[in-house]
Structures are given as structure tokens and as C-alpha cells.
Amino acid sequence: MKLSNAVYLNQFLFSLGCLYLMSTSVGASQSDQFELDHKSDIYAYQLEKLCELDGSGIYDKAMKKLGFTYKVLPAVRADILMMKEGACVFPVDMRYMKRDKPLIHSDPLFIVNIKIYSKYKLYKNLNELKDKRVGIRRGLSLGQSVLESTKKLKVEYVDTLEQNMRKLEYERVDAIVEFELDVLEYIKDKPKFQIAYDKKSYVDRLHESIVCVDNDKNRALIKKFNNVLSKNKNTIPGLMNQESVSSFKYCYENSDFLLDGKILN
């Protein structure tokens with residue numbers, strides 16, 4: 001009887017060991033499969049309205065028309081794979097990146113102004129927002145100067161553009177710091193949305209480029225991308241989604257709608 005129990009115990013322990021080995025093996029396989037499925041020369045940060053998982057973003061459509069594809073991933077994951085595989089990330093301004101390996105960058109697909117938006121008052125710089133409630137999205141590459149300035153402000157962080165715009169609309173914040181392209185996209189189909197901003201000034205500019213680990217393969221990719229941009233420089237605005245171009249044109253040329261940077265109700 002004792003011998004039988006010992007045999008059963010050994011069989012039980014052996015089974016547990018097999019299950020453990022199988023589970024660790026499956027885990028490694030799934031991880032390898034993830035790496036394989038997501039391997040790409042360019043990884044794009046998942047960004048509202050710009051780079052979307054389903055390819056519906058403004059940059060997604062423009063880059064596809066220019067002949068370039070990428071895998072859209074959360075920013076942290078994209079950064080990890082970029083460094084691990086010696087690949088590239090997009091869209092990003094290299095001035096705001098710090099990595100252990102040398103980096104190179106392309107010409108910008110687009111230059112986005114970072115501006116201050118409020119409901120009624122025009123603000124020209126961040127110093128004017130002292131003691132004001134300021135809405136900022138988490139995870140945005142706003143630049144070191146902006147980030148240093150916001151340390152002195154009453155910042156209220158949000159997760160999405162929608163949350164930031166709604167907080168401004170309902171006056172739960174006094175101002176927001178946002179990308180101009182994103183704001184124009186948001187309000188283009190909301191004619192009653194009241195927002196004020198200084199048309200001529202901005203707190204920083206973001207050069208939406210491809211940034212790569214410096215190697216021969218990536219140098220060739222960037223050279224190709226720059227050549228394509230140069231050949232299409234007159235059509236790039238149209239590639240940035242016709243609706244976006246229309247909203248820019250409408251905002252900046254329709255005097256009934258825009259008056260010195262103030263979008264009227």
C-alpha cells in the first residue's frame with residue numbers, strides 16, 4: 001500500500017512537471033508569435049485620428065498613398081520593438097527622444113503646431129496660464145520646454161482628445177494644450193463649438209517624422225521616404241485626408257467663421 005502511494009505521488013509530481021513545461025512552452029510560443037506577427041520596418045504610435053489600428057487615421061491614409069506601411073502599436077510597445085529590432089517609429093520628433101542607440105530621422109511628413117485653446121480668451125504663452133486649470137492629454141510628445149512649463153500650472157490630465165475638448169466645452173478647465181491638427185479635426189463637424197486661440201503663435205512645433213535606429217537598412221528607408229516626400233511636396237496637403245485640408249482652409253479663410261483666431265459660435 002505504501003509503495004503504491006509512492007508510485008501515485010511520483011506520477012502526480014511528474015504530471016505537474018509536464019504541465020508546467022507545457023505551459024511555459026506555450027507562453028514562449030505565444031510571445032514569439034506576437035513578435036513575428038508584429039515585425040515591421042516601421043512601428044507607428046497608436047494616436048487618435050492619426051494612426052489607428054484599423055488604418056483609418058489621417059496619417060495612415062497618407063502614408064499608404066505614398067507607398068509606406070507600418071504596424072500600429074501602443075507607444076511603449078512600439079519603442080521596445082524599435083530598439084530590439086533596430087527598426088523605426090512614426091510619427092515622432094527626434095528632439096524629444098532619448099535612446100541608448102544612435103538615431104536618424106526623415107524629413108517631416110507634417111509639422112503640427114502645439115497651441116493653447118480656451119473658450120473665450122486668447123493665450124499666447126504658457127506663462128499666462130499661471131493659476132489656471134489646464135487640460136493636457138497623457139502620453140503626448142509636447143516637448144521638454146512645454147513639459148517644464150506645465151510643472152508650474154494646475155494641470156488636469158485626461159486620456160483622450162474627446163475628454164479634453166469636453167472639459168473645455170463645459171468649462172471644467174480654463175484652457176487646454178493640444179495639437180492644432182487634432183483640434184481642427186475635432187471641431188470641423190461641430191460648428192457650434194466655441195473655442196478661442198491665437199492664430200499666429202504656438203508654444204512649440206512637432207515635426208512628424210520617421211525616426212530610426214542608425215543602420216544601413218534604415219538609412220536606405222529614410223532616403224527613399226525623403227525622395228518620395230520631395231516628389232510629392234505639392235500634393236502632400238491633399239494626401240493628409242481631404243476633409244482635413246477642407247477644415248484648415250475653412251478655418252483660415254472663412255472670415256465669418258474665424259476672426260483673429262477666435263472661432264465664433
Side-chain angles (χ1 to χ4, degrees), residues 44-54 56-60 72-79 89-93 95-97 110-199 201-208 241 243-244 247-248 251 261-263 265:
Y45 294 153
Q46 184 178 1
L47 298 168
E48 286 181 272
K49 297 184 179 293
L50 300 180
C51 298
E52 300 280 10
L53 294 174
D54 62 0
S56 64
I58 297 171
Y59 289 164
D60 299 331
V72 178
L73 295 172
V76 173
R77 188 64 184 164
D79 280 342
V89 289
F90 169 86
V92 67
D93 190 320
R95 295 175 301 162
Y96 305 150
M97 297 186 74
F110 200 65
I111 297 177
V112 183
N113 292 327
I114 301 173
K115 295 195 170 198
I116 302 169
Y117 297 90
S118 70
K119 194 164 184 178
Y120 306 107
K121 185 177 178 180
L122 302 183
Y123 294 100
K124 293 187 177 182
N125 58 69
L126 292 168
N127 292 330
E128 296 177 5
L129 296 178
K130 186 178 180 180
D131 299 325
K132 305 292 184 183
R133 298 166 300 167
V134 182
I136 290 181
R137 271 189 284 167
R138 294 184 181 89
L140 292 186
S141 299
L142 295 175
Q144 195 59 38
S145 61
V146 176
L147 293 177
E148 287 296 324
S149 297
T150 55
K151 291 179 181 179
K152 306 171 185 177
L153 308 177
K154 296 178 180 178
V155 175
E156 296 191 14
Y157 289 102
V158 297
D159 294 318
T160 66
L161 173 67
E162 176 81 18
Q163 290 173 346
N164 225 9
M165 299 301 290
R166 284 192 173 276
K167 289 185 79 168
L168 181 62
E169 182 180 11
Y170 296 114
E171 300 183 53
R172 290 163 55 193
V173 292
D174 300 298
I176 60 174
V177 177
E178 277 288 356
F179 295 127
E180 185 175 30
L181 177 61
D182 297 18
V183 172
L184 291 178
E185 273 293 295
Y186 181 86
I187 65 173
K188 73 183 180 191
D189 57 353
K190 300 175 177 62
K192 293 186 178 181
F193 194 99
Q194 182 168 320
I195 192 168
Y197 66 99
D198 190 307
K199 184 171 62 174
S201 66
Y202 50 84
V203 295
D204 206 342
R205 309 188 87 181
L206 197 68
H207 297 73
E208 303 281 52
N241 185 310
E243 292 182 354
S244 297
S247 66
F248 275 113
C251 285
K262 187 169 185 179
I263 298 174
N265 204 335

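No experiment lies behind these values; they were computed from the predicted model shown.
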For the pair Q46 and L53, evaluate side chain to side chain contact (heavy atoms under 4.5 Å, CB included) and give the outcome as yes or no after the intermediate values. CA-CA 7 Å; Q46 184 178 1; L53 294 174; 3.7 Å; yes
Shortest non-hydrogen contact between E52 and D60, atoms and distance: N-OD2, 2.8 Å
With rounding to the nearest 0.5 angstrom, report the CG to CD1 distance, D182 to I58. 7.5 Å
With a 3.5 Å distance limit and no angle check, can you tell me whether K190 reaches the backbone of Y186 through a side-chain donor-acceptor pair? yes
Charged tip of K115 within 45° of Y117 ring normal and under 6.0 Å: no
Separation of Q194 CD from I187 CD1 (nearest 0.5 Å): 11.5 Å
Gap between atom CD of E128 and atom CD1 of I116 - 0.5 Å precision: 7.0 Å
If you define the side chain from C-beta out and look only at heavy atoms, does anything of L161 sit under 4.5 Å from R137? yes
May I ask you to check whether E208 and Y59 show a side-chain donor-acceptor distance below 3.5 Å? yes
Heavy-atom closest contact (S56 atom, D54 atom, distance): OG-OD1, 2.7 Å
Nearest 0.5 Å, please: how far is NZ in K152 from CG in L126? 10.0 Å
Atom pair OG1 (T160) and CZ (R166), whose distance is rounded to the nearest 0.5 Å: 9.5 Å
Determine whether L47 and P91 make a side-chain contact, defined as any pair of heavy atoms from C-beta on separated by less than 4.5 Å. yes
Walk me through it: do R95 and H207 pass the test side chain to side chain contact (heavy atoms under 4.5 Å, CB included)? CA-CA 9 Å; R95 295 175 301 162; H207 297 73; 3.6 Å; yes
Checking Y202 against I114 for the side chain to side chain contact (heavy atoms under 4.5 Å, CB included) test, could you report, in this order, the C-alpha distance in whole Å, the side-chain angles of both residues, the deciding distance, and whether it holds? CA-CA 6 Å; Y202 50 84; I114 301 173; 5.8 Å; no
Output, in order, the C-alpha distance, side-chain angles, deciding distance and verdict of side chain to side chain contact (heavy atoms under 4.5 Å, CB included) for M165 and I195. CA-CA 10 Å; M165 299 301 290; I195 192 168; 4.1 Å; yes
Which of these, R133, E156, K119, sits in a side-chain contact (heavy atoms from CB on, under 4.5 Å) with D174? R133
Does R172, at its CZ atom, have more than 12 non-hydrogen atoms belonging to other residues, nucleotides or ligands within less than 6.0 Å? no
Roughly how far, to the nearest 0.5 Å, is CG of N164 from CD1 of I176? 4.5 Å
Does N127 reach the main-chain N or O of K130 with its side chain, forming a donor-acceptor pair under 3.5 Å? no
Please give me the minimum heavy-atom distance between Y45 and A75, naming the atom from each residue. CD2-CA, 3.5 Å
What is the minimum heavy-atom distance between V203 and N125, and which atoms define it? CG1-CA, 4.5 Å
